[in-house]
Structure formats: structure tokens, C-alpha cells
Number of protein chains: 2
Amino acid sequence: MNMVYADKIKVMVVDDHPLMRVGVASIVNARSDMTVVAQAGSGEEAVTLFLKHKPDVTLMDLRLPGISGVDAIRSIRETQPRARFVVLTTYEGDADIHRALEAGAQGYVIKGMPYQTLVEALQRVHKGGRFLPPPIARALASRMPDSELSAREQEVLSLLASGKSNKDIASNLHITEATVKCHVSAILLRLNVSDRTEAVVTALQRGLVHLE
Amino acid sequence: MNMVYADKIKVMVVDDHPLMRVGVASIVNARSDMTVVAQAGSGEEAVTLFLKHKPDVTLMDLRLPGISGVDAIRSIRETQPRARFVVLTTYEGDADIHRALEAGAQGYVIKGMPYQTLVEALQRVHKGGRFLPPPIARALASRMPDSELSAREQEVLSLLASGKSNKDIASNLHITEATVKCHVSAILLRLNVSDRTEAVVTALQRGLVHLE
DNA sequence: TCTACTATCCAACTTTTGGGGGATTCGCGG
DNA sequence: CCGCGAATCCCCCAAAAGTTGGATAGTAGA
């Protein structure tokens, strides 16, 4: 019987850490105006469970095994454009924030903020609004407007971030070392750094690439 | 009245994420053989609360604001050598594991393992044993036995990992660029990599250094 | 004590990187 | 159609990074 949920916000929790899911669920269920209707530990599971439970708001972590949280949001919104999402993740740079909002998230909360923030985000997003805490909005605003890398440059950056030399990158992409240098120079310019190592460090800090 | 705790394992939870603390606490408190007697959000708070509540086992995250979890363990064990610790953290390389055990932790559990693992770790460590899940023991075993960097090399590595050039590092440490190159070469040898960028990436993967 | 070892330091040499031109192709939108 | 940006390549050169060999000093052990 679904009557018991009639006046409550139906929430789905997506996070690969069982302990974090339990924590979030106990916060949500402790309130009289919301309830957890599903929990998922991966992006794939989230897509499946969304269709089954139709939550009002989905709390989504970004770093997940398999497809990323951003991809899961995009995938769900393709068929369910009215789905609403609050991203709940550890801070890993402004790039993730931008990508998540672009994919269709309406809220963004950092793990470690007081949990009243999370509750407020769920309420606001459920009512059709957006929710970006001041530190997040600030990080987003401080983005260079022209900081977009081309597809090729992103490929080069990710190889750079795995520690490869220009020669390795060249053979990996089947292009010449000269071309690699060209792309690397463009990346250094965009990221406003002076060498490849600094480029990797700031790319990791801003979340443009990840380890492993 | 402490009588209610007479037959229960007294647990302290240390983690800077309130949601994670709530999750862990609800798991522990749901069991009849253990109970949470204190929660801390920083290493400093952990030291204070330990003296006040004398938990049987402390669940300790490693990445904390202020002093690290390892430092907190070391600090507490200086005056309370019988204190027992289970590290509960995200996997960030074998270096952290080694440092934590050296500081006096008896157990090591990764966030994201099924929470039955956490319960078992608490029980085993409380009974005076140790607890290292197979994946952790394996990561520890695969460490190079000779992978220790000298103090100076660690300084250089951390500057390397912030993206500084040899010249910057030299002026930072008040030595010649030639000497810096020498240290860098030694680091490359130890980490078994071929250039500084790769060194930074693998150092980050293994948890020898951290971003920021 | 005297040797062996290690950490630290330095300089000369070789290789890799990054910068500055410039050229070609391809596709996309005005 | 034409301009424009993205991607590809080339040459040359200067600067940075990495290699090798060697000096010094302190320390632990035979």
C-alpha cells in the first residue's frame, strides 16, 4: 500500500558506500516529511530502481563503480525529464559541479556539510527549485568561462595524467610527437600553468581528470 | 549510570563527515553487543573525547581537518598504550595502511566494504586480535620492502607533487638545482618510474602524498 | 679505530620538453 | 562559397629535466 507515502517526499539514495547510505537514510527517515523508497550502490542499479520506484528526488553520489553519477543522471533524464536530482559527493573540484548541473541536477551538496543542508536541499529541489550552497556557487562562479578543452585535448590530458611521455602519448593516439607537443602547449595555456606536472596536479584538483 | 554498558563494547566514532558518523553509529547501535559512546569530527576532538569516555575501540578515519587520524592515534597511544583502534577510511594506497598500523592501529577497514566487515573488525580487535581484510593484507604485502624514502626525498616529493619546478624546489629548500635533480633521480628509482610526472601520479595513487 | 654505508650535496653531459614561427587538411555554419 | 577553428605535421631553438660520476660528512658496526 503506497498510502503511507502520500504526503512524504520519496527519496532514492545512490552511493557505493553502504555505511554512507545507512547514514543518509537514517537522516531522511527521521523526518516526517520525507522517506527513503530505494537505495542503489551503482549507476546501473540506480537506473533500474528509478523506473521501479519513481522517487521524487534522487540523492546521487558522483564517484561510482561502473558508470558515473553524471552518466546515470543523464541516462535517467533521457526518459524521465521530470526526474529531480541532488548530487551528494565529496568536493573534487569545480569541473564535477559544472558537469552535474549540465546533466540535469538541481542541487549539489558536499558530504561533510551539516546534514541540515541536505534536508533543505531535498525540500527545495522537491518544490521545483534549485539548491547550491554558497561555497559551491562561488566555486562555480570562479570558473574560467573559456576553460573548455577540445575532445582531443582531453584525451591528451588524461594520458598526461597517467604519467606518459610525449612519445608514449603519440604512439597511443597514432599521431606524431610534434602534434602531442602542440596539444600539450594548448593545455598548459588553458590551465594557466607552466609545465606538464603542474598541469596534471591542477587538473586533478579541479576534477578534470581522476586517478587510476 | 554506566551499568547499561557493562556488557557492551564501547565504541568512539571519528570522522569529519556527519552523515558517515550517523551511518556508522546506527550500525553499531543496532547491535546488542556494542554501543557508540562518543563521536568526534576531528583529531583534536578525538583526543579530548577519548580521555573523557575511555572507549574500548575507536573507529578512526584518516583524512581529518587539522591533525591526521594517524597522528591522533599516535597521540592517544602515548598516554593510553592499551587503546585499540580500527581505521575506517577510503582506500588511498598502501602507504596509509602501513603508517596506520605502525602508529598502533589493530584493524583496517575500507569504507564501502559490507558493513558486516566493520562489525567483525570491532569484535576481533576488542578481543585483543587484529583485523586486516584479505585485500588490505594483499596491498600491504605487495609493498616494496625497500620503498622507504629519506626525509629529504619526502620533502622533494611533496614539492614535486605540488607541481613545482626544480628551480622552485631548490630555492624552497635552499640547495642547488643540481642537488634537487639528484634527489628527483633517487625518487624516480625508488618509485620505479621514468619522469617526475609519473612519480607524482604514482605517489598520489599510493598515498605517499596528497593533493592541496 | 677503521671500514662500510648512507644521506646530502654538486657539476658536466644528454635527453626531453615547451615555444615560435608556419603549412595542410577537414568539417561546420554564415 | 568562404572563413574559421580543430587537428595534424614540420623545423629550429632555448630551457628544463634526467643521467652519471664524484665529493663530503656523519653514523653504525666489525
Side-chain angles (χ1 to χ4, degrees), chain A residues 95 98-99 102 143-206 208-209, chain B residues 95 98-99 102 143-206 208-209:
Chain A
H98 188 252
R99 280 198 287 258
E102 206 168 44
R143 273 175 67 88
M144 293 289 175
D146 57 351
S147 67
E148 305 280 320
L149 295 178
S150 74
R152 201 54 158 172
E153 285 162 355
Q154 294 222 25
E155 286 184 277
V156 173
L157 178 58
S158 88
L159 291 170
L160 219 52
S162 67
K164 297 200 189 307
S165 69
N166 288 341
K167 188 177 301 197
D168 291 339
I169 296 173
S171 76
N172 223 299
L173 298 180
H174 307 293
I175 56 181
T176 28
E177 210 176 320
T179 307
V180 175
K181 288 186 181 186
C182 204
H183 290 311
V184 171
S185 286
I187 292 170
L188 300 185
L189 211 63
R190 299 274 196 180
L191 298 185
N192 194 31
V193 294
S194 51
D195 62 53
R196 65 211 283 109
T197 306
E198 207 183 340
V200 169
V201 173
T202 68
L204 287 170
Q205 286 172 337
R206 296 190 41 188
L208 296 171
V209 291
Chain B
H98 188 252
R99 281 197 287 257
E102 207 168 43
R143 272 177 67 87
M144 293 290 174
D146 56 353
S147 69
E148 305 280 321
L149 296 178
S150 75
R152 201 55 158 173
E153 286 161 356
Q154 295 224 24
E155 288 183 276
V156 173
L157 179 57
S158 86
L159 291 169
L160 217 53
S162 65
K164 295 200 189 307
S165 69
N166 288 341
K167 187 177 298 194
D168 291 339
I169 297 173
S171 75
N172 227 300
L173 298 180
H174 307 292
I175 55 180
T176 335
E177 207 178 321
T179 306
V180 175
K181 290 183 182 185
C182 184
H183 290 310
V184 171
S185 286
I187 292 170
L188 300 185
L189 257 182
R190 298 276 195 181
L191 298 186
N192 194 31
V193 294
S194 51
D195 61 50
R196 67 209 283 105
T197 306
E198 207 183 341
V200 169
V201 173
T202 69
L204 287 169
Q205 285 172 339
R206 296 190 41 187
L208 296 171
V209 291

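Letters A, B, ... are given to chains in the order of the sequence lines, protein chains preceding strands, and every chain is numbered from 1.
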Listed in order of residue number, which residues of residues 158-183 of chain B have a non-hydrogen atom at under 4.0 Å from DNA chain C?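 Close to the strand are B:Ile175, B:Thr176, B:Ala178, B:Thr179, B:Cys182, B:His183.
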
Near-strand residues of residues 195-204 of chain B, defined as heavy-atom separation under 4.0 angstrom from DNA chain C: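 Output list: empty, so none.
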
Can you list everything that forms a side chain to side chain donor-acceptor pair (under 3.5 Å) with [X]? Sequence neighbours excluded, please.
| X | value |
| --- | --- |
| B:Asn172 | none |
| A:Ser165 | A:Asp168 |
| B:Ser171 | none |

Can you give me the bend angle of the helix from C:dT1-D:dA30 to C:dG30-D:dC1? Use the axis through the first five pairs and the one through the last five, nearest 10 degrees.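 So the angle between the two local helix axes works out to 30°.
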
Residues in side-chain contact (heavy atoms from CB on, under 4.5 Å) contact with [X], at least two apart in sequence or another chain:
| X | result |
| --- | --- |
| B:Gln205 | A:Leu211, B:Val201, B:Thr202 |
| B:Glu155 | B:Arg152, B:Leu173 |
| A:Val180 | A:Asn166, A:Ile169, A:Ala170, A:Ile175, A:Val184 |

Side chain to side chain donor-acceptor pair (under 3.5 Å) contacts touching residues 179-189 of chain A (sequence neighbours left out):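 Counting only pairs at least two positions apart or across chains, the side chain to side chain donor-acceptor pair (under 3.5 Å) contacts touching residues 179-189 of chain A are A:Thr176-A:Thr179.
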
d(CZ, A:Arg190; P, D:dG5) in whole Å: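 So the two atoms are 11 Å apart, to the nearest Å.
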
First and last nucleotide of DNA chain C touching chain A, 5' to 3', heavy-atom cut-off 4.0 Å?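 Contacts span C:dT17 to C:dG19, reading 5' to 3'.
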
